[in-house]
Chemist: 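This is the structure I have questions about; it appears just below.
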Amino acid sequence: MPRWKALASQHLRWSSPVAQGLVLCIITFGIILPLCCHRLLYSYYYIKSMYLNDMSDQFLAESYERGQEALEFWEASRSTTGSAGFSNIVKGSELLITVVTARRTEGKEFHYLLQVMQRLVSLLRGCGEGRRCAEVLVCDVESGPLDNEDAALLESQFLVVRRSLEEQWKNQAHVNTFEREKRDYVYCLRKGWELASPKNLMVLEDDALPRADFFAVIQDLLSRRFALHTLYVKLYHPERLQRYWNPEPYRILEWVGLGLVGATALLLILSHGTPFSFSLSTTHLLFLTLYIMVAVELAGRHYLLEVRRFSPQLYAVSPATECCTPAMLFPGNSSLRAAEYLDGSFCIKGNAKDMVLYQMARTITGERAHSIEPNLVSHIGAFSSVRANPSRPRLL
């Protein structure tokens, strides 16, 4: 028998670790994971052609239903002025939440702002009698000829601030969308500080829907030492960008660490009472580390992060990522520094306000910025108020 055939025959026997490793990979990556993950939106196994349209339509239908319920809720509340209890802002509060909003020309029937405000009120009422988790301010940056109807509906319940007509004209004159969006953000940052002088300030965009544990996690975050020395904490990062295979160095360390821990546990299991004959050797440990790393990446890191919702203390804080500002926490008076940094930059496509803040935190001595995982808000905005919208929005 030729040497190569003898070698192949030796490695393909069941007693060979090579054969066992090959079988393990085929069963895991070819059978188990495809069966379990083909409906998971952020998994590599997700079958877009079969499920994306239906899931997107379901997401829009649920959002529309929530929007209509929120509209009914606030219309019923309008007859009782101040029933929500937030029309007067208390200065020096522990936390001020500024919700930035503008009128949408498309998707008005989803009433994103009303959804967010209804959720906030529900969570704030859960803080307990006589205890207010936060003050709430609505910052209406609509500069067009038509009113922001949803913001107007909330005026009897919340303090709603707007620019004067002269300021609106100056803001929209001869600037691109990204620069106008940045100026709106700066205005809301400064207005919130001017009116409330809070110990901490948060900015929510009007399509960032807080999750059920929102305030418990915020309180835990602010109690941690890092919060005293950070420019901002991002509370949301797009789920599709949360994979390990992204240019975030800390994720690589997390990925390798998870692989090593999982491989060690798997080795201890497989080496006792199973058909597999893996041993506590360096080669087998390295193979199973790669096996675990590939498995969790293909299944989707997003779903692994969801386990951390078990407790506020389990939420991970890491260096800030680049994209997106639906929900931002500015501890202490850092919102004033952020406003100054934004004011000193002109925003264009490719250098929007999120990129400016990210670069400032990286390049200015003494500044740091962080992100929290998993996300503390859900991004429900299928229709943008400042950019072109697709005719049929999709989740991916």
Side-chain angles (χ1 to χ4, degrees), residues 1-56 58 237-311 314 316 318 373-375 395-396:
M1 180 184 293
R3 180 179 172 80
W4 68 270
K5 284 189 176 181
L7 209 62
S9 176
Q10 178 184 349
H11 283 308
L12 290 177
R13 292 192 195 122
W14 177 247
S15 58
S16 165
V18 174
Q20 293 182 15
L22 184 62
V23 169
L24 182 64
C25 288
I26 291 172
I27 292 174
T28 303
F29 303 124
I31 300 175
I32 296 176
L33 287 181
L35 286 174
C36 295
C37 302
H38 66 288
R39 288 177 177 266
L40 299 181
L41 184 64
Y42 303 111
S43 170
Y44 285 85
Y45 288 104
Y46 181 65
I47 306 176
K48 289 184 184 180
S49 58
M50 289 182 65
Y51 303 116
L52 183 59
N53 286 342
D54 288 343
M55 286 184 70
S56 299
Q58 182 182 356
H237 192 60
E239 289 84 355
R240 60 187 170 79
L241 301 179
Q242 288 180 337
R243 291 170 170 167
Y244 285 114
W245 199 251
N246 272 295
E248 306 292 345
Y250 75 90
R251 289 190 196 168
I252 302 300
L253 295 175
E254 177 193 321
W255 197 16
V256 173
L258 179 65
L260 284 169
V261 172
T264 303
L266 198 57
L267 266 179
L268 293 174
I269 294 170
L270 294 179
S271 59
H272 295 88
T274 69
F276 296 94
S277 58
F278 292 110
S279 61
L280 296 174
S281 66
T282 303
T283 303
H284 292 174
L285 179 65
L286 179 61
F287 165 73
L288 288 176
T289 296
L290 293 173
Y291 166 81
I292 293 291
M293 289 173 65
V294 172
V296 295
E297 172 68 358
L298 293 179
R301 178 173 178 263
H302 165 75
Y303 303 103
L304 190 65
L305 288 174
E306 291 298 300
V307 178
R308 292 182 177 271
R309 296 195 189 280
F310 182 75
S311 167
L314 293 179
S318 53
E373 291 179 318
N375 291 330
L395 289 171
L396 292 176

Chemist: Taking Tyr244's backbone N and O only, do any of them form a donor-acceptor pair with Arg251's side chain (distance below 3.5 Å, no angle check)?
Modeler: no
Chemist: Looking at Leu40 and Ala299, what are the two nearest heavy atoms and their distance?
Modeler: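 Smallest heavy-atom distance, with atoms named: CD1-O, 4.4 Å.
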Chemist: Between Tyr44 and Glu297, do the side chains contain an N or O donor and an N or O acceptor separated by less than 3.5 Å?
Modeler: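 Yes.
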Chemist: Just by distance, do the side chain of Ser56 and the backbone of Leu395 share a donor-acceptor pair under 3.5 Å?
Modeler: yes
Chemist: What is the minimum heavy-atom distance between Gly259 and Met293, and which atoms define it?
Modeler: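 Minimum heavy-atom separation between Gly259 and Met293: CA-CG, 3.9 Å.
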Chemist: So does Ser281 get a backbone contact from the side chain of His284, meaning a donor-acceptor N/O pair under 3.5 Å?
Modeler: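 Judged by distance alone, no pair lies under 3.5 Å.
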Chemist: Within this structure, what is the CD-OH distance for the pair Gln58 and Tyr51, rounded to the nearest 0.5 Å?
Modeler: 13.5 Å
Chemist: Roughly how far, to the nearest 0.5 Å, is OH of Tyr46 from CG of Leu52?
Modeler: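 The CG atom of Leu52 sits 4.5 Å away from the OH atom of Tyr46.
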Chemist: What pair of heavy atoms forms the shortest contact from Thr289 to Leu260, and how long is it?
Modeler: OG1-CD2, 3.6 Å
Chemist: Any chance you could measure Arg240, atom CZ, to Leu396, atom CG, to the nearest 0.5 Å?
Modeler: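 If we round to the nearest 0.5 Å, Arg240:CZ and Leu396:CG are 8.5 Å apart.
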Chemist: Below 3.5 Å, can you tabulate the donor-acceptor pairs from side chains in residues 22-32 to any protein atom, sequence neighbours excluded?
Modeler:
from	atom 1	to	atom 2	distance (Å)
Thr28	OG1	Leu24	O	2.8
Thr28	OG1	Tyr291	OH	2.6

Chemist: Considering non-hydrogen atoms only, spot the tightest contact between Leu258 and Ile292 and give its length.
Modeler: O-CG2, 4.0 Å
Chemist: Applying salt bridge (Lys or Arg N to Asp or Glu O under 4.0 Å), can you list everything that pairs with Glu254, at least two apart in sequence or on another chain?
Modeler: Arg301
Chemist: Under the side-chain contact (heavy atoms from CB on, under 4.5 Å) rule, what do Arg309 and Leu314 come out as? Steps first, then yes or no, please.
Modeler: CA-CA 7 Å; Arg309 296 195 189 280; Leu314 293 179; over 6 Å; no
Chemist: Quick check: closest heavy atoms across Ser43 and Leu298, and the distance to 0.1 Å?
Modeler: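 Answer, listing the atom of Ser43 first, then Leu298: OG-O, 2.8 Å.
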Chemist: Return the CD to CD distance between Glu306 and Glu373, rounded to the nearest 0.5 Å.
Modeler: 11.0 Å
Chemist: Looking at Tyr303 and Tyr42, what are the two nearest heavy atoms and their distance?
Modeler: OH-N, 3.0 Å
Chemist: Within this structure, what is the CD-CG distance for the pair Glu239 and Asn375, rounded to the nearest 0.5 Å?
Modeler: 5.0 Å
Chemist: Which is it for Thr264 and Leu288 under the side-chain contact (heavy atoms from CB on, under 4.5 Å) test, yes or no, and what are the steps along the way?
Modeler: CA-CA 8 Å; Thr264 303; Leu288 288 176; over 6 Å; no
